[in-house]
Number of protein chains: 2
Amino acid sequence: MEQNLQRRSGVALWRQIADSISSDIVRNIQDPNGKLPGEIALAARYGVNRHTVRTALRALSEQGLLETRHGDGTYVLRKPHVVYPLGRRTRFSDGIGDQAGAKRGRLVSSMLEPAETNVALGLALHPGTQVLRLDTISEADGYPMTRSTSWFDAGRFATMADFFSRTGSITAALKHYGIEDYFRKSTRIHARHATTAEIAELKLSAGAIVLVTHAVNATPEGEPLQYSITRFPADKVTLSIETDIAQ
Amino acid sequence: MEQNLQRRSGVALWRQIADSISSDIVRNIQDPNGKLPGEIALAARYGVNRHTVRTALRALSEQGLLETRHGDGTYVLRKPHVVYPLGRRTRFSDGIGDQAGAKRGRLVSSMLEPAETNVALGLALHPGTQVLRLDTISEADGYPMTRSTSWFDAGRFATMADFFSRTGSITAALKHYGIEDYFRKSTRIHARHATTAEIAELKLSAGAIVLVTHAVNATPEGEPLQYSITRFPADKVTLSIETDIAQ
DNA sequence: TCGAATTTGTGCGTATGTATG
DNA sequence: GCATACATACGCACAAATTCG
């Protein structure tokens, strides 16, 4: 039936099936804690041999997404899926506060560098101006959920990294500079395959897809504060935009 | 160097290399119209045989991303890229008006069907209520850019399909029902590999990624009008959210 | 407790795809 | 292009565990 599997594509059938089942779970088409169809039924659905289905299920079990019980069936263990709101007041660390355990980001590295053209454009600085670059990773339930790189005007926010690593929050760090409130000015979204570095940092499997946002945060007056590039594992994350029509 | 390629991962090395080169180009690490390193250099960088690199380059050439010149080298071809605004007033057919030639959508099919749960939820109807389903494709510069499925309350918008196919625009069709204005109420975004049907309809290559939006459009009073699922080719499209801070 | 049906687990032979030198 | 090694996918057969009447 649903044999939209690609042969000779460089992606093994078992991995395509694993991705499909994983995304079914993520999209709530499969009940969390529910029972999957039997291996024979799955093989028929995907138009493959039962061995191939078993390879896919084994991969997902090793990943901790499924559990198979001999003579019984295969069960969905949990649903590690997060919806990130992308609103005017978006702060990623806040956004997932009520959905997952961790709210803190972890500082991977920080450095001063001259602004590239896209960073300079986002921060309304001249290209080459010294900027502070923060590389961070945030986790939910122990799993990496975002890999983010942010830039700030170094002349103004030189010691940002200290404040961030102490609080794990950009919002809190900006408060030290007297910035009580800020807004998401623009967000651009695209998707691509993860690089090898991202596969390692976000604990993904080869061929995984990442959602990528390029965003500018600004003061209520429209003055740019932060330019950031954030990468999300596409199989675990949905981005959400809710508009308040009353505005 | 970068030989963190994964073996036995279900994704062939040549595809991992192709994805890596492809994302380098997307991230502007490789110059458009620039020359790639030679096959021997690439093989060394990824720690694989030259044959494997050649398989990756051939796949990217067939995809139209590279061009190899016998005795010379491999060159990056320019990629047409479209930015879709996702704002309060988002209408896809309007959005690309100033960027690309075509503004019209083409009706693929229309039918009446009972509302599935997610459609019913989006339109605030009871599941099973009769809804009108429109399947459309829009193109820019002769290339398919969106593949969209929309649902409307059949009791109210029964003859929607006629109006749409005449004008090629949802906005224009809704005017026939006295709806002068409407707003994007919510948008959810995720990304996944394209299905075989999508590969055919959007003229993609095997293993391509699609950006998927689930959206609700509503009247200024908040009454849902349209629930739609839209798929964009991720290598040709960036979604953009611009916030008017003054609001 | 039994037995039959169902479901997962395992072995083997073969063909094709992937990767190397 | 050729030869070699391993990964992937298939088909068939049968074993082992669970469920249920």
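Values reported hereafter were calculated over all heavy atoms of this structure, with side chains retained and with hydrogens, waters and symmetry mates removed. Quantities reported herein were computed from a predicted structural model and do not represent experimental measurements. To find a chain, count down the sequence lines: A is the first, B the second, and so on, and within it residues start at 1.
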> Between A/R69 and A/V48, who's closer to the 5' end of DNA chain D by nearest nucleotide?
Replying inline: A/V48
> Counting side-chain heavy atoms from CB outward, which of C/dG17, D/dC10, C/dT10 is closest to A/N49?
Replying inline: D/dC10
> For A/T74, which contact category applies under a 4.0 Å heavy-atom criterion: base, sugar-phosphate, or nothing?
Replying inline: sugar-phosphate
>> So B/R50, base contact, sugar-phosphate only, or nothing? Heavy-atom distance under 4.0 Å.
In response: nothing
> When you check the phosphate oxygens OP1 and OP2 of C/dT18, does a side-chain N or O of B/T55 lie under 4.0 Å from one of them?
Replying inline: no
> Can any side-chain N or O of A/E39 pair as donor or acceptor with the backbone N or O of A/V53 at less than 3.5 Å?
Replying inline: no
>> Would the base of D/dA16 count as contacting A/H70 through its side chain, where contact means a donor and an acceptor less than 3.5 Å apart?
In response: yes
>> Rounded to whole Å, how long is the line connecting atom CG of A/L42 with atom C1' of C/dT8?
In response: 12 Å
> Which residue, A/P37 or A/S9, contacts DNA chain C at a nucleotide closer to its 5' end, judged by nearest heavy atom?
Replying inline: A/P37
> Touch check for A/D72, heavy atoms < 4.0 angstrom, all strands: base, sugar-phosphate only, or nothing?
Replying inline: sugar-phosphate
>> Checking contacts here: which listed nucleotide (C/dT8, D/dA9, C/dC12) is nearest the side-chain heavy atoms of A/I40?
In response: C/dT8
>> Ignoring hydrogens, what is the shortest heavy-atom contact between B/L57 and B/L66? Give both atom names and the distance.
In response: CD2-CD1, 3.7 Å
> To the side chain of B/T52, which of C/dT10, D/dA9, C/dA19 is closest?
Replying inline: C/dA19
> Counting any heavy atom closer than 4.0 Å, what does A/R7 reach on the DNA or RNA strands: base, sugar-phosphate only, or nothing?
Replying inline: sugar-phosphate
> What is the distance, rounded to the nearest whole Å, between atom CH2 of B/W14 and atom C1' of D/dT8?
Replying inline: 14 Å
> Could you give the CD-to-P distance, from A/E67 to C/dT8, as a whole number of Å?
Replying inline: 13 Å
> Taking for each residue the nucleotide of DNA chain C bearing the nearest heavy atom, is the 5' side occupied by A/R8 or by A/E39?
Replying inline: A/E39
>> In this structure, how many angstroms lie between the C1' atom of C/dT18 and the CZ atom of B/R54, rounded?
In response: 16 Å
>> Under 3.5 Å, is there a donor on one side chain and an acceptor on the other for B/H81 and B/T238?
In response: yes
> Rounded to the Å, how far apart are B/Y46 OH and C/dT20 C1'?
Replying inline: 19 Å
>> Looking only at the side chain of A/L13 (C-beta and beyond, no hydrogens), which of the listed nucleotides D/dC10, C/dT8, C/dA19 gets closest?
In response: D/dC10
> Rounded to the Å, how far apart are A/I17 CD1 and D/dT8 P?
Replying inline: 13 Å
> Does a donor on one side chain sit under 3.5 Å from an acceptor on the other, for A/T149 and A/R231?
Replying inline: yes
>> With a 3.5 Å cut-off and heavy atoms only, can you find an N or O donor on one side and an acceptor on the other between the side chain of A/H51 and the base of C/dG9?
In response: no
> Mapping A/Y75 and A/R15 onto DNA chain D by nearest heavy atom, which one lands closer to the 5' end?
Replying inline: A/R15
> Is it true that B/R147 and B/E139 make a salt bridge, defined as a side-chain N closer than 4.0 Å to a carboxylate O?
Replying inline: no
> Starting at CG of A/L57 and ending at P of C/dT10, how long is that distance when rounded to a whole Å?
Replying inline: 14 Å
> Does the B/Q63 side chain pair with the main chain of B/S205, one donor and one acceptor, at a distance under 3.5 Å?
Replying inline: no
